[in-house]
Protein chains: 2
Amino acid sequence: MPMDVQTPRKASGSATGRGRKRDRERTRQEILDVAFQEFAEKGLSGTNTDVIAARANITKRLVFYYFNTKEKLFTAVLEEAYAKMRDAERDLRLDELEPETAIRTLAEFTFDFDNDNPEFVRLVTIENIHRGRHLTKSLKARAMTRPIIAQIERVLARGEKAGVIRSGIDPVELHMTLSSLCFFSVANRHTFQPQFGYDMTSKRARRQRRTQISDLLWLYVRKDA
Amino acid sequence: MPMDVQTPRKASGSATGRGRKRDRERTRQEILDVAFQEFAEKGLSGTNTDVIAARANITKRLVFYYFNTKEKLFTAVLEEAYAKMRDAERDLRLDELEPETAIRTLAEFTFDFDNDNPEFVRLVTIENIHRGRHLTKSLKARAMTRPIIAQIERVLARGEKAGVIRSGIDPVELHMTLSSLCFFSVANRHTFQPQFGYDMTSKRARRQRRTQISDLLWLYVRKDA
DNA sequence: TTTTTAATTACCTTATTGGATAATTACTGG
DNA sequence: CCAGTAATTATCCAATAAGGTAATTAAAAA
């Protein structure tokens, strides 16, 4: 059921009345923003390019003018979304924290990010349904993950040296464990809730889960007494 | 790109030549089986009912004759898939195992189930993209989960009494933690691999992850020395 | 056998939707 | 201020696909 398709840009905010200033970057970005929402909401085949155009107050032709195909638009949306997350990760500055705090900060950050950005989680989920074929093709993917893995590596090394973290932990494995726990709490809430009566969106459940995951992650890496 | 749509049932296996015996249950089941594969592969909007019909060697009309709408067919597929998993869970017989073995068996079972049934994982993922609206409507969902939660509860109680498991563990929370870890390793492998260079499908990685999860789960519930 | 019921098919209809063609018009550099 | 470039629109199209109508035929009941 497509929503009502408005005519392009009549009274659009800052515009001059009929048609606004031509601005390549702005138009491109508006398409990306709307497409992000639409793809996250409806998936790849579920998304209608007409609707994207309408919501961005432009003609459909423009969408293809800038992105050529629906798939390429999806790829661009995906890349931008990942880039935002990796940027946020980079600002974490785990190196300045003592090991336990660093691990817990990482856990809480990841949990908060996923919970605050369910559209991002949905987008990643959708990309997995498509077997990651867009991300694989794009392949700036690998480079982007290096910083976070490197940060984790350094925390583990410091903690080991300080005698508070056990040895032999694979930073990628750690990251996967953490991602699993955080991602699931957002991605699978809709099937989990009706089955187990556990509403993961409530403030209380969310805080509890956040603590739980932080504890679990620390338990996983810390050196036993 | 729909695959070539064959004409209905000409040389179909056990048939008599032109058209086979009319069998309500068999036809229904064949539709369900094909639909399961198609939905798991292509999602709800990505699936074409023409293709389902062709692969089941029947006319499209029959699909609607038995299931009325595509959505209802999807719901039926989903219900059957869940039922199968819950059945397998029921056969676990955790009550006959000592606490640590029971926890590890549960962990390994869940891991194996998800890894052996990626189509199931995909189907659940797709249902989450649709915000669980089919499962919610069906609502035999809740009843089906009771057995596994009850089993976990009993294991925890026994372990507590025996002094090997700590108190205060919520069985649903435990189940969620385990599901997260296992589900992610299948559901998100396609975005994880190109980003982190970690191939979760290899025999070695799979065995390692399985052990890892079992250890982590036990670490999570066991009573500290 | 005949009648009835229900499984099955052939064919149709209408809405949707990626993407294409071609004209237009707003900026920009000279 | 004018010409060229590039952003933008209006319009079209062919393929797809969910679901419907009505006839047909296999099996069960009588």
Side-chain angles (χ1 to χ4, degrees), chain A residues 1-10 12 14-32 34-35 38-39 42-77, chain B residues 1-10 12 14-32 34-35 38-39 42-77:
Chain A
M1 310 88 201
M3 55 194 66
D4 53 292
V5 175
Q6 310 126 278
T7 51
R9 259 187 206 152
K10 277 286 118 115
S12 73
S14 57
T16 57
R18 51 134 187 24
R20 66 174 173 193
K21 221 178 312 182
R22 294 187 171 190
D23 183 337
R24 187 180 180 80
E25 271 322 299
R26 182 180 159 208
T27 302
R28 232 188 94 94
Q29 192 57 51
E30 279 181 3
I31 296 171
L32 275 176
V34 172
E38 286 293 319
F39 281 133
K42 318 229 184 89
L44 188 50
S45 40
T47 289
N48 186 334
T49 51
D50 278 307
V51 173
I52 293 177
R55 285 194 51 195
N57 280 100
I58 51 170
T59 357
K60 181 168 58 168
R61 185 61 185 84
L62 260 196
V63 176
F64 291 94
Y65 177 71
Y66 283 109
F67 295 97
N68 299 306
T69 68
K70 198 189 185 185
E71 299 251 326
K72 281 181 187 157
L73 174 57
F74 183 83
T75 304
V77 164
Chain B
M1 309 88 201
M3 55 195 66
D4 54 291
V5 175
Q6 311 125 276
T7 50
R9 266 191 200 146
K10 276 285 119 118
S12 73
S14 57
T16 58
R18 51 134 187 27
R20 67 175 173 194
K21 221 179 314 185
R22 295 187 171 192
D23 184 338
R24 186 180 179 82
E25 271 323 299
R26 182 181 158 207
T27 302
R28 233 189 92 95
Q29 191 58 50
E30 281 183 0
I31 296 171
L32 275 176
V34 173
E38 286 293 319
F39 281 132
K42 318 230 186 89
L44 188 51
S45 40
T47 289
N48 185 336
T49 52
D50 278 306
V51 174
I52 293 177
R55 286 194 50 193
N57 280 101
I58 53 172
T59 3
K60 182 168 57 169
R61 186 62 186 82
L62 259 196
V63 176
F64 291 95
Y65 177 71
Y66 283 110
F67 295 96
N68 300 306
T69 67
K70 198 188 185 185
E71 299 251 326
K72 281 181 187 158
L73 174 57
F74 182 83
T75 304
V77 164

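Here the structure is a predicted model, which is why all the values come from computation and not from measurement.
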Item to check | Whole-Å gap separating C1' (C:dA6) and CG (B:Leu62) | outcome: 11 Å

Item to check | B:Ile52 CD1 - D:dA18 P separation (whole Å) | outcome: 8 Å

Checklist outcome for this item: Atom CG of A:Asp23 and atom P of D:dT5 are separated, to the nearest Å, by 21 Å

Checklist entry - What pairs meet the ring-ring contact (aromatic ring centres under 6.0 Å, His included) rule with one or both residues in residues 42-73 of chain B, with sequence neighbours excluded? => result none

Checklist entry - Whole Å only: how far is the CD1 atom of A:Ile58 from the P atom of C:dT25? => result 19 Å

Checklist entry - So does A:Tyr65 get a side-chain nitrogen or oxygen closer than 4.0 Å to the phosphate oxygens (OP1/OP2) of D:dA6? => result no

Next on the checklist: Minimum heavy-atom separation for B:Ser45 and A:Ser45, please, with both atom names.
Outcome noted: OG-OG, 3.5 Å

Checklist entry - When A:Val63 is tested against each of A:Thr69, A:Asn68, A:Ile58 for side chain to side chain contact (heavy atoms under 4.5 Å, CB included), which residue passes? => result A:Ile58

Checklist entry - Distance check: side-chain N/O of B:Arg22 vs OP1/OP2 of D:dA27, anything under 4.0 Å? => result no

Item to check | Nearest-0.5 Å distance, NZ of residue B:Lys60 to CD1 of residue B:Ile52 | outcome: 10.5 Å

Between the protein and nucleotides 18-21 of chain C, list every N/O to N/O distance that falls short of 3.5 Å.
from, atom 1, to, atom 2, distance (Å)
C:dG18, OP1, A:Thr47, O, 2.9
C:dG18, OP1, A:Lys70, NZ, 3.3
C:dG18, OP2, A:Thr49, N, 3.2
C:dG18, OP2, A:Thr49, OG1, 2.5
C:dG18, N7, A:Lys60, NZ, 2.6
C:dG19, OP2, A:Lys70, N, 3.1
C:dG19, N7, A:Lys60, NZ, 3.3
C:dG19, O6, A:Lys60, NZ, 3.2
C:dT21, O4, A:Arg61, NE, 3.2

Checklist entry - Does B:Tyr66 put a side-chain nitrogen or oxygen below 4.0 Å from OP1 or OP2 of C:dA7? => result no

Checklist entry - In Å and rounded to the nearest 0.5 Å, what is the CG to OG1 distance from B:Asp50 to B:Thr59? => result 10.5 Å

Checklist outcome for this item: Taken to the nearest whole Å, CZ/A:Arg24 to P/C:dC27 is 16 Å

Item to check | Distance, rounded to the nearest Å, where B:Ile31 contributes CD1 and C:dT9 contributes C1' | outcome: 13 Å

Checklist entry - If we fit an axis to the first five pairs and another to the last five of the helix from C:dT1-D:dA30 to C:dG30-D:dC1, what angle do they make, to the nearest 10°? => result 10°

Checklist outcome for this item: Taken to the nearest 0.5 Å, the spacing of B:Ile31 CD1 from B:Arg28 CZ works out to 8.0 Å

Next on the checklist: Please report the interatomic distance NZ(A:Lys42) to CG(B:Leu44), rounded to the nearest 0.5 Å.
Outcome noted: 13.5 Å

Item to check | Main-chain N/O of A:Thr47 paired with A:Lys70 side-chain donor or acceptor, under 3.5 Å | outcome: yes

Checklist entry - Going by heavy atoms in the side chains, are B:Glu30 and B:Thr27 under 4.5 Å from each other? => result no

